[in-house]
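Order of appearance sets the numbers: ligands from 1, and atoms from 1 within every ligand.
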Amino acid sequence: MELDFVKLHGAGNDFVFIDDFSGTLELTKEQIAWLCDRHFGIGADGVILVRRPNDPACAAYMHYINSDGTLAEMCGNGVRCFAKYLVDYAFVDPGDGALAAETLAGARPLTFSVDEDGKLVSATVDMGTPRLAPDEVPTTLAANAVSPYGEAFVLDASVDSPWGPFSFTCVSMGNPHAVCFLDDMRALPDELFADPLAKSLDTLDLDRVGAFFENHPVFPEKANIEFAVVQSGGIAMRVYERGCGETLACGTGACATGVAACLSGRSGCSNEVHLPGGVLTVSWGDDGHVSMRGPAAESFSGHVRLPL
Ligand SMILES: N[C@H](CCC[C@H](N)C(=O)O)C(=O)O
């Protein structure tokens, strides 16, 4: 099988885009894994197929697949890159300044800005309303708090691990997220840090602790695991993504973390989220919707012959 592709990223969270408007492309898990392989393939956190929308109000349907071949309901950085693909490759007029993307989690309206060549540079996405009820995340952890909207939710609930207990606040942005605020890293065991004398979010061994909780039974559909520190200048965050491992950024994860920080009283409801790949601005508005703003960039395009 031979394919044309375009490689794009949002704050370093990167994707292989393939035009599948005919809706005929079926890729196996092995082919997805090969496309995402950073040594033998193109290299990406996921694959996004651009398909004809079911909702006529939407410009196109974004079919997002994690690098392990599993489907995900929503992808925030992916939506901004999706908008860039649609604008830059003439599916949408750059002058429109707005479009709606259809996803498995529903339509996601967005506005975008373009450069002097009419190429999209950033987008602000309406990420919808966070779902907090345990059965909507989903998690088997019991609700222990009530949100300002009267929703029972899981706040800083302790889950044990080989390295002691970690506390999670659970939020769905269409996909499941568990946010752990590292309020006191000194309490964590030295073995979890590359430099025990300088315990920090940056030196936390995410491949061990993230993988453990991604697959924990309290998350029946697995979960994206965020570790965050609320600081005066915003929220620092790293993410171990369901079906991908650590990524440089996660849009839905940044939204979930902003919502969790607000719900827990650690911050207000508008935050700059600082990730290894860049900064995303998230706001949980009075209308209950979360707005996410951030960049989108094209790395390269090409043609590939899949070996499988
Ligand atoms: N990186 C994506 C999230 C992908 C979520 C996926 N890993 C899942 O299984 O939910 C984002 O920017 O929102």
Q: Classify the side-chain pair His177/Thr252 by whether it contains a donor and acceptor separated by less than 3.5 Å.
A: yes

Q. For Thr169 and Asp156, does a side-chain donor sit closer than 3.5 Å to a side-chain acceptor?
A. yes

Q: Could you tell me the residue and atom name of the protein heavy atom closest to atom 2 (C) of ligand 1, and the distance to it rounded to 0.1 Å?
A: Cys75 SG, 3.3 Å

Q.
Less than 6.0 angstrom separating the ring centers of Tyr85 and Phe91, yes or no?
A. yes

Q: Scan side-chain atoms only and decide if Asp195 and Thr203 contain a donor-acceptor pair under the 3.5 Å cut-off.
A: no

Q: Note the single closest protein heavy atom to atom 4 (C) of ligand 1, along with its residue, its atom name and the distance in Å.
A: Glu241 OE1, 3.1 Å

Q: Before signing off on this row, confirm whether Tyr64 and ligand 1 have an N or O atom pair separated by under 3.5 Å.
A: no

Q: Mark up the atoms of ligand 1 that fall under 4.0 Å of a heavy atom belonging to Thr252, in ascending order.
A: 3 (C), 11 (C), 12 (O), 13 (O)

Q | Short N-O contact, Lys222 and Asp68, less than 4.0 angstrom | A | no

Q. Is the shortest side-chain N to carboxylate O distance from Arg51 to Asp19 below 4.0 Å?
A. no

**Q.** Nitrogen or oxygen atoms of Gly76 and ligand 1 under 3.5 Å apart
**A.** yes

**Q.** Nearest-option assignment for atom 8 (C) of ligand 1, heavy atoms, candidates Lys222, Arg242, Glu221, Met173
**A.** Arg242

Q: List the closest protein heavy-atom neighbour of atom 6 (C) of ligand 1: residue, atom name, distance to the nearest 0.1 Å.
A: Asn66 OD1, 3.2 Å

Q: Could you tell me whether Arg38 and Asp45 have a side-chain N and a carboxylate O separated by less than 4.0 Å?
A: yes

**Q.** Atoms of ligand 1, numbered as shown, that sit under 4.0 Å from any heavy atom of Asn13
**A.** 1 (N), 2 (C), 11 (C), 12 (O)

(Q) Heavy-atom pairs closer than 4.0 Å: do any link ligand 1 to the side chain of Asn224, the backbone, both, or neither? (A) side chain

Q. Looking at the rings of Phe193 and Trp163, which for Trp means the six-membered one, are their centres under 6.0 Å apart?
A. no

Q) Does ligand 1 have an atom that lies less than 4.0 angstrom from a heavy atom of Gly243? A) no

(Q) I want to know if ligand 1 touches Gly251 in the polar sense, i.e. an N/O pair below 3.5 angstrom. (A) yes

Q: Give the residue, atom name and distance (to 0.1 Å) of the protein heavy atom nearest atom 5 (C) of ligand 1.
A: Asn175 ND2, 3.3 Å

Q. Is Lys7 salt-bridged to Glu298, going by a charged N under 4.0 Å from an acidic O?
A. no

(Q) Between ligand 1 and Thr247, can you find any atom pair, the residue atom being a heavy atom, that is separated by under 4.0 Å? (A) no

(Q) Please work out, at 4.0 Å between heavy atoms, whether the side chain, the backbone, both, or neither of Asn77 comes within that distance of ligand 1. (A) both

Q: Before accepting this row, confirm whether a basic side-chain N of the pair Glu73/Arg242 lies closer than 4.0 Å to the acidic partner's carboxylate O.
A: yes

Q) What atoms of ligand 1 come closer than 4.0 angstrom to any heavy atom of Ala72? A) 6 (C), 8 (C), 9 (O), 10 (O)

